[in-house]
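Only a predicted model underlies this, so the values are computations on that prediction, with no experimental measurement involved.
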Amino acid sequence: MELIDLLKQLEIMVEEAPSKTFSHKIVLDRDEILDLIKEMKSVIPEEVKQASWINTERVKIISDAKKEAEEIILQGEKEAQRLLNENQKNLEALDKEYQEKIEYMIETNEVVQRANERAEEIKEKAQKYKYEMIERSNQYAEDVLSFVEQKLEETLEEVRNNKKELNPRM
């Protein structure tokens with residue numbers, strides 16, 4: 001059962017509890033309330049585990065995205081180096097006056113330019129995805145923890161009120 005359901009159950013128990021004659025105080029089954037509180041305590045760590053899991057997954061996704069971007073860049077560099085080495089062998093066979101022209105052609109080669117542009121696009125997308133995942137994970141964890149905090153504060157306030165009603169001198 002989720003914490004929200006347990007809190008609703010507690011709320012219903014309080015709302016439906018019979019009141020004492022000529023008083024606004026109610027009668028609740030101590031064992032039933034204590035059992036419900038124990039169950040709430042057991043659920044809270046599960047939600048905290050889920051938030052932790054989300055954070056771990058966020059870190060893993062970011063790490064994987066970084067690795068993929070690095071691999072793509074490394075592959076692009078290797079391919080560029082391979083092409084450079086291949087062309088260098090061809091250049092050695094040519095006359096020196098043509099070497100400058102050929103190097104210029106390689107540097108401005110449309111395929112190489114497109115490969116570099118594509119690698120840059122992929123890198124930008126990976127960065128954007130990384131930041132989006134970080135933001136989403138952080139927002140989800142914050143939402144879960146805020147909700148748990150709110151419910152705990154409400155429960156604590158209810159307990160304090162009940163305690164005051166039991167002992168009006170406090």
Side-chain angles (χ1 to χ4, degrees), residues 1-14 35-160:
M1 204 173 247
E2 290 189 26
L3 183 60
I4 297 172
D5 296 330
L6 294 170
L7 289 168
K8 285 179 184 176
Q9 188 177 346
L10 178 61
E11 184 178 27
I12 290 168
M13 288 171 67
V14 171
D35 288 343
L36 190 57
I37 290 171
K38 284 179 187 175
E39 197 170 342
M40 285 179 187
K41 286 180 180 178
S42 72
V43 170
I44 290 173
E46 184 59 36
E47 290 183 358
V48 172
K49 287 179 190 175
Q50 288 175 357
S52 176
W53 176 84
I54 289 169
N55 191 40
T56 302
E57 284 299 307
R58 174 187 62 86
V59 170
K60 182 179 178 267
I61 289 169
I62 291 168
S63 175
D64 291 347
K66 283 181 183 178
K67 286 179 185 175
E68 185 177 342
E70 289 170 2
E71 287 176 18
I72 291 169
I73 291 169
L74 185 62
Q75 288 174 355
E77 289 172 351
K78 285 180 180 179
E79 182 61 17
Q81 186 62 44
R82 184 190 68 77
L83 289 172
L84 185 62
N85 290 341
E86 184 179 305
N87 287 323
Q88 209 129 22
K89 289 178 186 176
N90 293 335
L91 286 174
E92 291 171 0
L94 296 173
D95 196 32
K96 285 190 176 188
E97 69 181 74
Y98 293 107
Q99 286 185 5
E100 285 184 12
K101 290 180 183 180
I102 294 172
E103 286 176 0
Y104 175 75
M105 290 172 61
I106 290 172
E107 290 175 3
T108 59
N109 185 302
E110 193 174 299
V111 173
V112 173
Q113 286 179 341
R114 279 190 268 155
N116 286 334
E117 290 171 0
R118 179 70 177 134
E120 193 62 36
E121 288 173 8
I122 291 170
K123 185 178 176 181
E124 288 175 11
K125 283 181 182 179
Q127 286 286 2
K128 184 179 177 184
Y129 182 74
K130 174 183 89 170
Y131 291 120
E132 286 175 2
M133 289 307 295
I134 289 170
E135 187 63 34
R136 286 181 190 166
S137 297
N138 287 343
Q139 185 61 48
Y140 179 78
E142 183 177 324
D143 290 346
V144 168
L145 292 173
S146 292
F147 176 78
V148 169
E149 180 182 34
Q150 176 190 358
K151 292 304 175 182
L152 287 173
E153 287 173 354
E154 290 173 7
T155 303
L156 181 60
E157 186 62 33
E158 185 69 32
V159 169
R160 286 181 178 149

Look up atom [atom1] in [X] and atom [atom2] in [Y], then write down how far apart they are to the nearest 0.5 Å.
X      : Y      : atom1 : atom2 : result
Leu6   : Glu39  : CG    : CD    : 4.5 Å
Lys78  : Leu84  : NZ    : CG    : 16.0 Å
Glu68  : Ile73  : CD    : CD1   : 11.0 Å
Ser52  : Glu57  : OG    : CD    : 10.5 Å
Lys8   : Lys151 : NZ    : NZ    : 8.0 Å
Ile134 : Arg136 : CD1   : CZ    : 12.0 Å

Query raised in the report: If you measure only the distance, is there a donor-acceptor pair under 3.5 Å linking the side chains of Glu120 and Asn116?
Result: no

Requested in this report: Answer yes if the side chains of Asn55 and Arg58 hold a donor-acceptor pair under 3.5 Å, and no otherwise.
Outcome: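 Yes - a donor-acceptor pair under 3.5 Å links their side chains.
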
**Report entry** side-chain hydrogen bond (donor to acceptor under 3.5 Å, both in side chains) assessment of Glu154 paired with Gln150
**Finding:** CA-CA 6 Å; Glu154 290 173 7; Gln150 176 190 358; 3.1 Å; yes

Can you name the nearest heavy-atom pair linking [X] to [Y], along with the distance?
X      : Y      : result
Leu3   : Val43  : N-CG1, 3.3 Å
Ile122 : Ile72  : CG2-CD1, 3.2 Å
Ala69  : Ala126 : CB-CB, 4.2 Å

Query raised in the report: Do Glu149 and Leu152 come within less than 4.5 Å of each other through their side chains, counting heavy atoms only?
Result: no

Requested in this report: For the residue pair Gln50 and Val144, establish whether any side-chain heavy-atom pair is separated by less than 4.5 Å.
Outcome: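 They are not in side-chain contact.
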
Report task. Could you check Glu77 against Leu74 for side chain to side chain contact (heavy atoms under 4.5 Å, CB included), going step by step and ending with a plain yes or no? Result -> CA-CA 5 Å; Glu77 289 172 351; Leu74 185 62; 4.1 Å; yes

Query raised in the report: Using 4.0 Å as the upper bound for N to carboxylate O, is an ion pair formed by Glu70 and Lys67?
Result: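 No.
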
Query raised in the report: Sequence neighbours excluded, which residues qualify as salt bridge (Lys or Arg N to Asp or Glu O under 4.0 Å) partners of Lys60?
Result: Asp64

**Report entry** Enclosure of Lys130 NZ (heavy-atom neighbours >12, cutoff 6.0 Å)
**Finding:** yes

Requested in this report: Output, in order, the C-alpha distance, side-chain angles, deciding distance and verdict of salt bridge (charged side-chain N to carboxylate O under 4.0 Å, His left out) for Arg114 and Glu117.
Outcome: CA-CA 5 Å; Arg114 279 190 268 155; Glu117 290 171 0; over 6 Å; no

Query - side-chain hydrogen bond (donor to acceptor under 3.5 Å, both in side chains) against Gln139, all qualifying residues, sequence neighbours excluded - result: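 Only Asp143 meet the side-chain hydrogen bond (donor to acceptor under 3.5 Å, both in side chains) criterion with Gln139.
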
